[in-house]
Amino acid sequence: MVSQKPKIVIIGAGIAGLTAAKKLYTTQNSNELFELCVVEGGNRIGGRIFTTEFCGDRVEMGATWIHGIEGNPIYKIAQEINGFDTDKPWDSIGGKVDKKVTITEDGYEVHSSFVNSVSNFFNNMLEFSSGEGDFDDGVGRKIVESLNLEKNGGVDKISMGSYLRKGLEFYWGLKKDQENVESLNLEHDGIETDQENVESFNIENDGIEKDQENVENFNLESGGVENDQENVESFNIDDSGIEKDQDNVESFNLDDGGVEKDQENVESFNLDDSDIEKDQDNVESFNLEHGGVKNDREKVESFNLDDGGIEKDQENVESFNLENVGIEKDGENVEVFENWSRKALEEGIFAMFENIHRHYSSASDLGTLDFNGESEYCNFPGDEITIAKGYSSVVESLASVLPSGLIQLGRKVSKIEWQLENSDGNKPVKLHFSDGSVMYADHIIVTVSLGVLKQGIREDSSLFSPPLPKFKTEAISRLGFGVVDKVFLQLSPTHHDGINFPNMMMVFHQPGSKLKNPKIPLWIRRTTLTHPVYPESRVVVSWFAGEEAMKVETLDNEEIIEGVSTTMSQFLANTKHFKNSIKFSKVLKCKWGTDPLFLGSYTHIAVGSSGNDLDALAEPLPKEIGDDKNSKKSPRLQVLFAGEATSRNYYSTTHGAYLTGLREANRLLEHFQCVDV
């Protein structure tokens with residue numbers, strides 16, 4: 001005999017489905033009001049949360065971090081189950097450490113101050129797009145206004161890709177504005193005298209005083225340098241620095257903050273006792289040491305100015321850098337490393353952070369990621385941390401309260417019929433499974449991924465019958481759903497235990513550059529993060545997104561091992577971390593993009609979509625308001641939707657999925673007039 005109690009079936013045993021199941025099952029007297037069942041297409045619970053072991057180390061194939069611990073329900077569960085207590089090695093912040101090493105594809109380690117200059121600007125741009133306020137006197141607003149002019153006011157169609165690339169142009173413009181020296185005035189944060197080599201280099205309020213005896217008319221007035229009408233016919237400091245004297249000084253340049261020796265006419269330039277003298281006989285160089293500029297033709301291959309001073313970078317920089325306060329050469333001409341101009345290196349670092357944002361957002365191309373949609377996303381305050389016992393410990397805790405048999409594994413739903421009339425037991429929903437069996441229900445909570453829903457609304461698919469209403473299918477179509485995969489590799493036994501693989505961020509030449517290292521495979525050129533799963537582990541993880549992730553899913557293990565080994569050897573060839581070539585021996589890769597139960601990783605708001613689409617996806621069916629006349633005869637709440645893609649503010653996160661599971665459980669409890677809501 002068919003049970004007369006209403007039946008609730010939850011499709012999917014991920015965190016949304018398990019949360020809903022726990023809430024419904026543990027509510028007082030709920031078992032007297034309805035039957036409950038969870039059907040899962042796979043052979044495990046957890047969905048996109050999947051902790052496993054690889055070469056003896058615990059690894060996260062899916063979700064990794066708790067995004068903010070203050071008020072986060074996932075953090076609360078992890079605390080309750082002692083999820084942060086373990087006797088195994090563990091990286092509590094999952095590679096998000098300050099001690100990152102940034103390395104170019106040809107093995108040059110980039111000074112942190114150089115990286116920070118770009119990253120600070122990039123992060124400020126992200127914060128502005130998230131609605132956290134502007135920076136640098138309204139640069140964020142100016143970037144958007146500039147894009148509006150280009151798009152004729154189409155601000156609603158701005159992508160994060162175009163916003164960030166326009167921001168890079170602004171970054172270069174701002175640096176140039178800061179670095180142009182119109183008067184050689186560097187007060188407080190400027191250039192101090194070297195007491196030994198430069199007895200008296202005075203920069204006073206109005207600049208450099210003229211030498212009455214030797215320089216008859218060397219003036220710095222009103223922030224600039226005027227011509228010496230007799231001796232220096234054309235010695236100018238303008239917006240870009242000091243131009244050549246075309247007649248007398250053929251090669252005396254101060255351009256964008258750089259100082260070059262005049263090889264023909266000016267063999268030396270001394271600043272002595274507040275004056276500027278020309279030493280015709282002895283001085284062949286222009287020295288400013290201890291915070292100044294030193295142009296040593298034989299010994300000084302690198303020049304850094306960081307936070308107001310100048311330091312020599314002993315290892316890497318073969319050029320001349322001034323950051324925050326100071327003087328720089330023209331970025332297009334200065335070679336920081338071999339084959340890397342300053343501008344090329346800055347663009348490479350900027351592209352590195354763009355690719356990190358691809359991983360973070362799941363957008364294969366940032367040109368498809370909506371600028372305005374970024375402000376919809378919210379995080380809980382506090383640190384972002386990992387779970388020592390593994391993320392799967394959270395879903396196992398949720399499932400532990402459910403009785404045996406309530407979760408049915410290996411039950412893949414192939415078709416959902418709803419709005420049925422005269423069905424078995426008059427239940428309006430009928431589920432078809434891939435094994436040919438069926439199940440009837442009064443209410444179902446669909447927690448499958450957005451990727452599965454996208455496939456389910458295709459013309460060649462019949463997942464829903466009748467098809468979902470237009471408002472629902474349009475929302476599903478517009479929203480973005482990307483692929484983010486991890487590849488875990490074990491260092492070969494030839495690398496002795498105790499050798500620390502660096503927490504590495506990787507800088508590549510741009511796609512059109514002829515300087516690209518031909519030994520590095522194309523599928524690895526947009527990954528940026530490679531780090532050990534915990535300090536001193538011999539298991540290393542690399543992150544891939546979009547097309548590159550899909551490509552990696554098709555490669556066999558040997559291709560991956562060979563490609564990553566070659567790439568890491570190129571990156572670490574000139575560094576102190578490894579003297580020999582890198583070789584990996586084993587690999588474990590994710591396949592979220594091709595797994596039919598997921599077809600991707602998590603949701604983002606694509607250009608053309610908005611937070612309204614997330615709300616539309618969350619609406620239960622059939623709609624109660626605005627439906628046709630027959631809708632009043634339809635049973636309520638036949639098809640409900642939960643999962644991270646239905647969370648307007650917390651999409652793409654485990655806590656977002658968790659909260660939507662609670663939301664839909666509470667919706668049904670209210671329907672059954674349960675008091676424990």
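Sequence positions, counted from 1, serve as the residue numbers for this chain.
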Checking D435 against R411 for the salt bridge (charged side-chain N to carboxylate O under 4.0 Å, His left out) test, could you report, in this order, the C-alpha distance in whole Å, the side-chain angles of both residues, the deciding distance, and whether it holds? CA-CA 8 Å; D435 62 2; R411 300 274 275 161; 3.7 Å; yes

What's the verdict on salt bridge (charged side-chain N to carboxylate O under 4.0 Å, His left out) for E547 and R526, showing C-alpha distance, side-chain angles and the deciding distance?
CA-CA 10 Å; E547 294 180 5; R526 294 181 79 188; 5.7 Å; no

Q.
Test side-chain contact (heavy atoms from CB on, under 4.5 Å) on V413 and H432; report intermediate values, then the result.
A. CA-CA 6 Å; V413 174; H432 298 256; over 6 Å; no

Check your understanding: Please walk me through it: do T51 and I387 pass side-chain contact (heavy atoms from CB on, under 4.5 Å)?
Key -> CA-CA 10 Å; T51 307; I387 302 174; over 6 Å; no

Exercise for the section: List the steps and the verdict of side-chain contact (heavy atoms from CB on, under 4.5 Å) for I524 and T527. Expected result: CA-CA 6 Å; I524 207 171; T527 189; 3.5 Å; yes

inquiry  = Please evaluate residues E376 and R648 with respect to the criterion salt bridge (charged side-chain N to carboxylate O under 4.0 Å, His left out), reporting the C-alpha separation (whole Å), side-chain torsions for both, the decisive distance (0.1 Å), and the verdict.
reply    = CA-CA 7 Å; E376 296 281 1; R648 179 158 189 157; 3.0 Å; yes

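Across all non-hydrogen atoms, the minimal contact from S565 to I561 is OG-O, 2.7 Å. Across every non-hydrogen atom of W592 and S601, the tightest pair is CB-OG, 3.7 Å. Between D442 and P6, the shortest heavy-atom contact is OD2-CA, 3.1 Å. The nearest pair of heavy atoms linking S610 to L479 is O-CD2, 4.2 Å. The two residues G600 and V483 make their nearest non-hydrogen contact at CA-CG2, 4.0 Å. Contact detail for Q419 and P466: the closest heavy-atom pair is CB-CD, 4.4 Å.
By the 4.0 Å N-to-carboxylate-O rule, R48 lies close enough to E644 to be salt-bridged with it. Here R358 pairs with E548 in a salt bridge; the nearest charged N to carboxylate O distance falls below 4.0 Å. Taking a cutoff of 4.0 Å between a charged side-chain nitrogen and a carboxylate oxygen, D370 and K157 do not qualify as a salt bridge. At a threshold of 4.0 Å, the pair E60-K486 does not count as salt-bridged, since none of the basic side-chain nitrogens sits closer than that to a carboxylate oxygen.
In this pair, H655 and H67 present their aromatic rings perpendicular. The plane angle is above 60°, beyond the 30 to 60° band. The aromatic rings of F641 and F464 are tilted relative to each other, their planes meeting at an angle between 30° and 60°. By the 30° and 60° cut-offs, the orientation of the rings of F122 relative to H357 is perpendicular. In this pair, F571 and F508 present their aromatic rings perpendicular. The plane angle is above 60°, beyond the 30 to 60° band.
Counting only N and O atoms by type, the side chains of H604 and S361 include no donor and acceptor under 3.5 Å apart.
Remark: side-chain polar atoms of K454 are paired, donor with acceptor, to backbone N or O of S477 under 3.5 angstrom. The main-chain N or O of T27 is found under 3.5 Å from a side-chain atom of S30 such that the two form a donor-acceptor pair. Not a single donor-acceptor pair under 3.5 Å links the side chain of K23 to the backbone N or O of N666.
Y602 and F481 have their aromatic ring centers separated by at least 6.0 angstrom. The aromatic ring centroids of Y360 and F353 lie 6.0 Å or more from each other. Taking the six-membered ring where the residue is Trp, the centroids of Y650 and F380 are separated by under 6.0 Å.
At a threshold of 4.5 Å between non-hydrogen side-chain atoms, the residues T528 and W543 do not count as touching. Contact of the F84 side chain with the I66 side chain is registered, since non-hydrogen atoms from C-beta on lie closer than 4.5 Å. Taking the side chain as every heavy atom from C-beta outward, N503 and T530 never approach each other to under 4.5 Å.
For N43, the CG atom sits in a loose shell: 12 or fewer heavy atoms of surrounding residues, nucleotides or ligands are nearer than 6.0 Å. Residue L522 places its CG atom among 12 or fewer non-hydrogen atoms of other residues, nucleotides or ligands, all under 6.0 Å distant. Annotation for E354: atom CD counts as buried by contact number, over 12 foreign heavy atoms lying within 6.0 Å. Sparse packing is recorded around NZ of K551, with 12 or fewer heavy atoms of other residues, nucleotides or ligands lying under 6.0 Å away. By the neighbour-count criterion of 12 heavy atoms within 6.0 Å, atom NZ of K591 is sparsely surrounded, having that number or fewer from other residues, nucleotides or ligands. Enclosure of atom NZ in K586 is not indicated, since only 12 or fewer non-hydrogen atoms of other residues, nucleotides or ligands lie within 6.0 angstrom.
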